[in-house]
Engineer: 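For reference, the structure I am asking about is given below.
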Amino acid sequence: MKTQLQSEAAECGLACLATVGRLLGHGDDLVSLRRRFPPSARGTDLSQLMEIASAMGLCPRPARAELDDLGDLRLPCILHWKLDHFVVLRKVRRGRFLVADPAVGDRVLSRAEMSAGFTGVALELTPTSDFQVEPPAPRFAWRKLLRQAHGLPLAMTRIFIVAVVLEGFAVLAPLLQQLVIDDVLVSGDAELLTVLILGFTLMLLLQSALGLARSWMVIVLGQSLSLQWTTNVFARLIRLPLDFFERRHLGDIASKFDSTTAVQRVLTQGAVEALLDGLMAAVALGLMVGYSLPLTGVVMAAVAIYALLRRVTYGAYRDAAAERLVVAARESGYFLETLRAMTPLKLFGRESQRQGRWQNLVVDVQNRDLRTARLNTGFGIASTLIFGLENLLVLWLGARLILAQGRADATPFTIGMLFAFIAYKTQFTSRASALIGFIVDWKAMSVHTERLADIVLAPSDADDVPPTDLAHLPPRIELRRVSFRYSESDPWILKDVSLSIEAGRHVALTGASGSGKSTLLKIALGLLAPTEGEVLYGGVPIRRLGVANVRRCIGTVMQADALLSGSIAENICFFESAPSLPDIEAAARAARLHEDIVRMPMAYASLIGDLGAGLSGGQRQRLLLARCLYKRPRVIALDEATSELDLANERAIATALRRMRVTRITIAHRPETVAGADRAIELRSGALHERHAPRVGLPPRPPTLTPA
Ligand SMILES: Nc1ncnc2c1ncn2[C@@H]1O[C@H](COP(=O)(O)OP(=O)(O)OP(=O)(O)O)[C@@H](O)[C@H]1O
């Protein structure tokens with residue numbers, strides 16, 4: 001597929017460049033371009049697009065154009081669309097415009113639609129001598145998925161053997177017809193008829209039992225593979241870096257994940273059935289040739305026309321399926337977001353507007369379904385016509401062969417043979433068309449594998465350092481000459497920042513909103529990798545120690561932290577398998593939450609929703625704090641973790657934390673919180689400025705959970 005559909009909310013520009021590259025024969029698709037030029041979460045503007053185009057070996061030329069001039073531009077070119085989007089103009093013909101929209105796929109637009117969307121800015125792209133048809137990016141290997149499936153060869157072999165026996169019965173059935181018509185009816189042998197019918201009844205029973213066994217085995221295999229594969233993909237997904245999730249819509253990630261099931265179905269059940277279909281088609285074809293060559297020729301011609309028809313319609317089917325996946329993902333993401341944003345929607349009275357936009361998205365999905373249904377209808381009628389004509393032709397030719405039996409040069413052909421031929425022909429055409437269907441599904445599987453590749457090929461943030469206890473290292477955090485920006489096209493948030501937070505000290509980080517405090521904290525926690533410089537824990541780079549090992553030593557409450565649905569106790573111990581109830585209570589006391597909890601009817605067993613429903617803002621923050629303390633961390637990192645608390649509670653918590661003598665880094669705006677720290681550092685224009693000198697503190701002590 002040449003048109004590259006965007007996966008991330010803000011990568012329409014990159015997707016357009018990938019589409020133009022593909023149309024001009026560039027080997028890179030969006031997956032590999034995304035890896036080479038990670039887009040900013042905020043999108044890409046024209047000048048950044050031009051930079052990337054130049055790096056791809058395309059000479060960019062921005063142009064102002066009227067609708068009438070579009071046909072004179074060098075196509076394909078990129079058009080600025082509705083002020084916040086880019087599309088690719090592929091062709092202009094007789095006043096209609098073929099546009100590749102990375103959000104929805106190919107669209108043929110009228111002049112009026114073009115005039116409503118096109119802002120007048122176009123980007124022409126001409127390949128230079130540097131433009132190379134590069135080797136395709138590493139593709140998602142379905143073979144790897146197959147290899148990961150335990151017990152697959154044995155289960156497939158069993159299913160195959162049972163199925164082959166079943167197919168044997170299917171081959172014998174038409175022979176019964178031939179025997180009954182040619183021998184029994186002609187000779188009037190009633191006894192032979194009884195024997196034949198009894199024999200075939202037995203066969204039918206056996207066939208039913210084996211059919212049942214085969215279906216059951218296919219179901220069991222499907223279930224087991226689906227579990228293995230989805231588990232593998234989920235394990236991969238959950239280890240992807242944070243920015244993977246921040247850049248994508250929820251619905252898109254969920255839909256990509258669902259592609260695993262589609263791939264699994266084609267690779268296992270589909271593959272076994274295709275193998276059998278191929279085998280049966282070959283056997284039936286051999287038998288048909290034995291009965292009559294001219295009749296077989298007619299059937300083969302019909303199957304060939306059918307195959308050609310599928311080949312011709314394949315592109316349209318594939319595009320409709322690919323686009324449907326994208327628009328359906330958008331619709332489900334929008335739906336989920338609506339549920340999450342119920343409070344502001346009601347407060348701002350935006351229910352109707354939201355409903356209207358959701359309806360538009362549903363219509364988008366329905367339009368794709370309609371396209372597929374239209375194709376299916378046309379295709380169904382065409383194939384009925386092809387095979388109907390073939391049937392009539394076989395009947396006509398077969399009957400003529402029977403009628404010619406009296407002649408000396410006639411090839412022997414009986415009524416029973418015609419019946420048997422028709423039965424084998426029916427088997428052959430149905431198996432051959434199923435096989436062609438499988439080949440189409442196999443090719444169309446790339447729609448799913450491409451989507452799955454976004455998860456499977458994305459670099460994971462899991463390091464291969466084994467779990468290690470870092471108790472021997474002093475809990476000291478150091479940022480050494482760290483610079484950071486979210487992408488090459490984003491401004492620097494931190495520039496050459498060095499900071500050492502000594503063990504047992506408390507550093508308060510202040511700064512204007514948007515100055516980069518949370519970003520700095522995320523870098524210190526290994527959630528974001530510094531663009532330059534490094535982060536050390538206890539004097540050792542955290543990548544060497546293993547980010548997971550370091551995070552085990554650090555308790556955190558982040559700005560947009562989440563609770564999960566479950567009980568309060570479960571949330572405090574973060575669903576630990578063998579939680580310590582006294583520790584849960586100690587953590588809740590230290591976070592000044594215990595009294596609130598015991599006042600609840602079900603105390604620690606009280607259930608809360610995933611968004612912390614059932615708790616006040618301050619209780620939510622204290623619960624997050626209790627969760628952080630339950631870990632018995634050696635370092636505590638708090639990002640405005642007490643902003644919703646009253647002063648009395650905040651003071652009590654600050655005292656409790658001070659007594660623990662853990663290393664602390666606190667982002668806060670309140671003067672009281674900042675004043676309690678050993679050092680206050682302000683982040684301004686990407687650099688750190690000391691606000692008050694370090695206080696002489698006590699030497700660090702091992703962390704304790706002393707209730708306040
Ligand atoms: N994923 C992202 N991609 C691009 N820019 C981002 C991203 N996340 C944050 N930013 C930008 O980085 C800058 C620093 O953000 P950050 O959240 O670190 O600020 P902050 O100092 O913690 O702000 P606040 O006090 O309001 O929480 C802001 O300008 C923000 O818009």
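Values in this document were obtained by computation on a predicted structure and should not be read as measured data. Just so you know, ligand 1 is whichever comes first in the structure, and atom 1 is the first atom listed for that ligand.
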Engineer: Between ligand 1 and Ser518, is the shortest N or O to N or O distance under 3.5 Å?
Structural biologist: yes
Engineer: Mind checking whether Glu640 has a heavy atom under 4.0 Å from ligand 1?
Structural biologist: yes
Engineer: Are Arg357 and Asn360 close enough, and set up right, to give a side-chain hydrogen bond (donor to acceptor under 3.5 Å, both in side chains), and what steps lead you there?
Structural biologist: CA-CA 5 Å; Arg357 286 190 61 188; Asn360 287 343; over 6 Å; no
Engineer: Only heavy atoms of Ser515, strictly under 4.0 Å: list the atoms of ligand 1 that pass.
Structural biologist: 19 (O), 21 (O)
Engineer: Between Asp561 and Arg627, is the closest basic N to carboxylate O distance under 4.0 Å?
Structural biologist: yes
Engineer: Residues in ring-ring contact (aromatic ring centres under 6.0 Å, His included) with His85, at least two apart?
Structural biologist: none
Engineer: Check whether any side-chain heavy atom of Glu337 sits under 4.5 Å from a side-chain heavy atom of Arg354, and report yes or no.
Structural biologist: yes
Engineer: Heavy atom of Gly511 under 4.0 Å from ligand 1?
Structural biologist: no
Engineer: Within a distance under 4.0 Å of any heavy atom of Gln559, pick out the atoms of ligand 1 and give their elements.
Structural biologist: 27 (O)
Engineer: With a 4.5 Å limit on heavy-atom distance, are the side chains of Leu123 and Cys77 in contact?
Structural biologist: no
Engineer: Would you mind listing which atoms of ligand 1 come within a distance below 4.0 Å of any non-hydrogen atom of Thr519?
Structural biologist: 14 (C), 15 (O), 16 (P), 18 (O)
Engineer: Only heavy atoms of His669, strictly under 4.0 Å: list the atoms of ligand 1 that pass.
Structural biologist: 25 (O)
Engineer: Any N or O on Ile493 sitting closer than 3.5 Å to an N or O of ligand 1?
Structural biologist: no
Engineer: Show me the donor-acceptor pairs within less than 3.5 Å that the side chains of residues 526-536 make with the rest of the protein, sequence neighbours left out.
Structural biologist:
residue	atom	partner	partner atom	Å
Thr531	OG1	Arg485	N	3.1

